[in-house]
Amino acid sequence: MSSNACPEPVEHSGLLRFYSAVFYAGSSFVITMVNKTVLTSFRFPSYMCLGIGQMIATLVVLYAAKMCKTVQFQDFDRSIPLKIFPLPLLYVGNHITGLASTKKLSLPMFTVLRKFTILMTMVLEVYILRKTYPKRLVYSVAAIVLGAMVAASSDLAFDVGAYSFILLNDAFTAAGGVYTKKKLDAEGLGKYGVLFYNALITVIPTLLVSAVTGDLDKAVTFEDWVEVTFIFCFLMSCFMGFVLMYSIVLCSYYNSALTTTVVGAIKNVAVAYIGIFVGASAFVPP
């Protein structure tokens, strides 16, 4: 599982593109279920601290893998922050708004509003990566967004704060996907370098913000830390945070940012149906 720098865009086989997309869809599906369980079923009070746990898991796994020579990525130097920017900011924004919207919205509505990420990704790819799209694809995306707007207009539990979080999450996801593709193709950091230094640069500022806002104190004093089931779900969320970020980078590496976004939207259809049929008690926020 070694990582090589990728200074120039290369063509990858159809199987690699397909398997990386399936891996991302599966990882995203699992972490959505686990996060929803931790934040809603157990009522864990700090989505920011859950994100910090996911960053720490990423650092631990990748550092251990590098020490064991299972993966390779560039050692830290003063050029790293410039190479990786603005991914750390987008990474933090995506984590915080994603976990916040997961807690505040029902999964069906969460799924509907995530459709706007497709349009945002397409626009950013045009302006940042200079990509062009056939008209039929543009019309298809427009139809998806129109359907999402119609569905959102019928939401009886409209919450301005929740809608703001999910739309910000859409923007951070789109920008993160496009800039990840750009960094993988141009900066020579490799897949694992992008993952590791993203987490390394963002974890300390996020931890400080969590401490200042009182989120860290709420998380530390949470009463269910003595529950084995909660601890398992929390650790699973942390590990799956690493798996999800790896799967996003892998899918973006072998495909385009738009493909990664569309795969996420397709996965969300399954999430929506689970939210509808499994039961409100497990999947609808209080």
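All values below come from the heavy atoms of this structure, side chains included, with hydrogens, waters and symmetry mates left out.
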How long is the straight-line distance from [atom2] of [Y] back to [atom1] of [X], given to the nearest 0.5 Å?
{"X": "Ile80", "Y": "Leu200", "atom1": "CD1", "atom2": "CG", "value": "9.5 Å"}
{"X": "Tyr246", "Y": "Leu195", "atom1": "OH", "atom2": "CG", "value": "8.5 Å"}
{"X": "Asn198", "Y": "Thr58", "atom1": "CG", "atom2": "OG1", "value": "9.0 Å"}
{"X": "Leu244", "Y": "Thr32", "atom1": "CG", "atom2": "OG1", "value": "7.5 Å"}
{"X": "Tyr254", "Y": "Lys181", "atom1": "OH", "atom2": "NZ", "value": "10.5 Å"}
{"X": "Phe239", "Y": "Gln54", "atom1": "CZ", "atom2": "CD", "value": "12.0 Å"}

Just by distance, do the side chain of [X] and the backbone of [Y] share a donor-acceptor pair under 3.5 Å?
{"X": "Ser210", "Y": "Thr206", "answer": "no"}
{"X": "Asn94", "Y": "Phe172", "answer": "no"}
{"X": "Ser41", "Y": "Val38", "answer": "no"}

Discussion item. Please list all pairs meeting salt bridge (Lys or Arg N to Asp or Glu O under 4.0 Å) that have one or both residues in residues 207-221, counting only residues at least two apart or in different chains.
Written reply: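 Sorted result for residues 207-221: empty, none.
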
Practice prompt. Report the residues that fulfil ring pair (Phe, Tyr, Trp, His ring centres under 6.0 Å) with Phe76, sequence neighbours left out, ordered by chain and then residue number.
Written response: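 Per chain and number, Phe76 pairs via ring pair (Phe, Tyr, Trp, His ring centres under 6.0 Å) with Tyr197.
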
Please write out which residues are connected to [X] in a hydrophobic cluster, directly or through intermediates, given that two of Ile, Leu, Val, Met, Phe, Trp, Tyr count as joined at side-chain heavy-atom separations below 4.5 angstrom.
{"X": "Tyr139", "value": "none"}
{"X": "Val22", "value": "Leu15, Phe18, Tyr19"}
{"X": "Leu89", "value": "Phe85"}

Practice prompt. Give me the ring orientation class for Trp225 and Phe234: parallel if the planes are under 30° apart, tilted from 30 to 60°, perpendicular past 60°.
Written response: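 Aromatic pair Trp225/Phe234 classed perpendicular.
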
[X] to [Y] - nearest heavy-atom pair and separation:
{"X": "Thr121", "Y": "Ala174", "value": "OG1-CB, 3.3 Å"}
{"X": "Thr260", "Y": "Tyr24", "value": "O-CE2, 3.1 Å"}
{"X": "Cys251", "Y": "Ala21", "value": "SG-CA, 3.8 Å"}
{"X": "Pro88", "Y": "Ile84", "value": "CD-O, 3.5 Å"}
{"X": "Leu50", "Y": "Ser237", "value": "CD1-OG, 3.4 Å"}
{"X": "Asn255", "Y": "Ser20", "value": "ND2-OG, 3.1 Å"}

Worksheet entry | Heavy atoms from other residues, nucleotides or ligands near CG of Leu235 exceed 12 (cutoff 6.0 Å) |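 Yes, enclosed.
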
Worksheet entry | Flag if over 12 foreign heavy atoms under 6.0 Å of CZ, Phe222 |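 Atom CZ in Phe222 is packed in, count exceeds 12.
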
Not counting sequence neighbours, which residues clear side-chain hydrogen bond (donor to acceptor under 3.5 Å, both in side chains) with [X]? List them please.
{"X": "Asp170", "value": "Arg114, Thr117"}
{"X": "Ser79", "value": "Asp77"}
{"X": "Ser247", "value": "none"}
{"X": "Ser256", "value": "Thr259"}

Does a side-chain heavy-atom distance below 4.5 Å link [X] with [Y]?
{"X": "Phe23", "Y": "Val243", "answer": "yes"}
{"X": "Val126", "Y": "Thr132", "answer": "no"}
{"X": "Leu124", "Y": "Tyr179", "answer": "no"}

Do [X] and [Y] belong together in a cluster built from hydrophobic side chains that touch within less than 4.5 Å?
{"X": "Ile56", "Y": "Met67", "result": "yes"}
{"X": "Leu137", "Y": "Tyr127", "result": "yes"}
{"X": "Val226", "Y": "Met236", "result": "no"}

Worksheet item: For Ala171, which residues count as a side chain to side chain contact (heavy atoms under 4.5 Å, CB included) partner, sequence neighbours excluded?
Response: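 Partners of Ala171 under the side chain to side chain contact (heavy atoms under 4.5 Å, CB included) test: Met120.
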
Discussion item. Suppose we screen for side chain to side chain contact (heavy atoms under 4.5 Å, CB included). Which residues come up paired with Val262, at least two apart in sequence or across chains?
Written reply: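 By the side chain to side chain contact (heavy atoms under 4.5 Å, CB included) rule, Val262 matches Ile118, Leu258, Ile266.
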
Discussion item. Among residues at least two apart in sequence or on other chains, which ones pass salt bridge (charged side-chain N to carboxylate O under 4.0 Å, His left out) with Asp75?
Written reply: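 Counting only residues at least two positions away or on another chain, Asp75 forms a salt bridge (charged side-chain N to carboxylate O under 4.0 Å, His left out) with Lys66.
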
